[in-house]
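For clarity, every value in this text was computed on a predicted model and none was experimentally measured.
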Amino acid sequence: MDALEIYFATNEYEVITEPNLTWGRADLGLFREGEHPLYVEIGTTSIKKLMINVQAMKGSDFLLVPDEDRAIEIRT
């Protein structure tokens with residue numbers, strides 16, 4: 001999580017740790033003017049939490065990082 005936080009902060013994103021979502025919290029919230037908010041889930045998350053947030057938070061993007069080798073982006 002620290003590596004992602006440093007990467008996005010050095011690329012001029014406002015980084016918020018554990019921002020509130022419609023259902024639960026994300027690990028990181030990344031914000032930059034003119035772009036959709038990007039919420040990052042590192043490790044595991046539930047399908048129910050993901051589906052509720054994707055449906056309720058139109059105009060937000062979600063980045064799932066299950067391990068060091070994979071990332072999945074969901075754009076709404």
Quiz item: Phe31: what forms a ring pair (Phe, Tyr, Trp, His ring centres under 6.0 Å) with it, not counting sequence neighbours?
Solution: Tyr39

Quiz item: Can any side-chain N or O of Thr76 pair as donor or acceptor with the backbone N or O of Ser60 at less than 3.5 Å?
Solution: yes

Quiz item: To the nearest 0.5 Å, what is the distance between CD1 (Ile47) and OG1 (Thr45)?
Solution: 8.0 Å

Quiz prompt | Heavy-atom side-chain contact between Thr17 and Glu5 under 4.5 Å | solution = yes

Quiz item: Less than 4.5 Å apart, any side-chain heavy atom of Ile74 and any of Leu63?
Solution: no

Self-check item: Glu41 side, atom CD; Leu21 side, atom CG - distance, nearest 0.5 Å
Solution: 6.5 Å

Quiz prompt | Nearest-0.5 Å distance that lies between atom CZ in Arg70 and atom CD1 in Ile72 | solution = 8.5 Å

Quiz prompt | Whether over 12 other heavy atoms sit under 6.0 Å from Glu12 CD | solution = no

Self-check item: Heavy-atom check, side chain of Glu73 versus side chain of Arg75, under 4.5 Å
Solution: yes

Practice problem: First locate atom CG of Leu50, then atom CD of Gln55, and finally report the distance between them rounded to the nearest 0.5 Å. | Solution: 9.5 Å

Quiz item: Do the non-hydrogen side-chain atoms of Phe8 and Arg32 ever get within less than 4.5 Å of each other?
Solution: no

Quiz item: About how many Å separate CG of Leu28 and CD of Glu18, when rounded to the nearest 0.5 Å?
Solution: 9.0 Å

Exercise. Output the distance between atom CD1 (Ile6) and atom CE (Met1), rounded to the nearest 0.5 Å.
Key: 11.0 Å

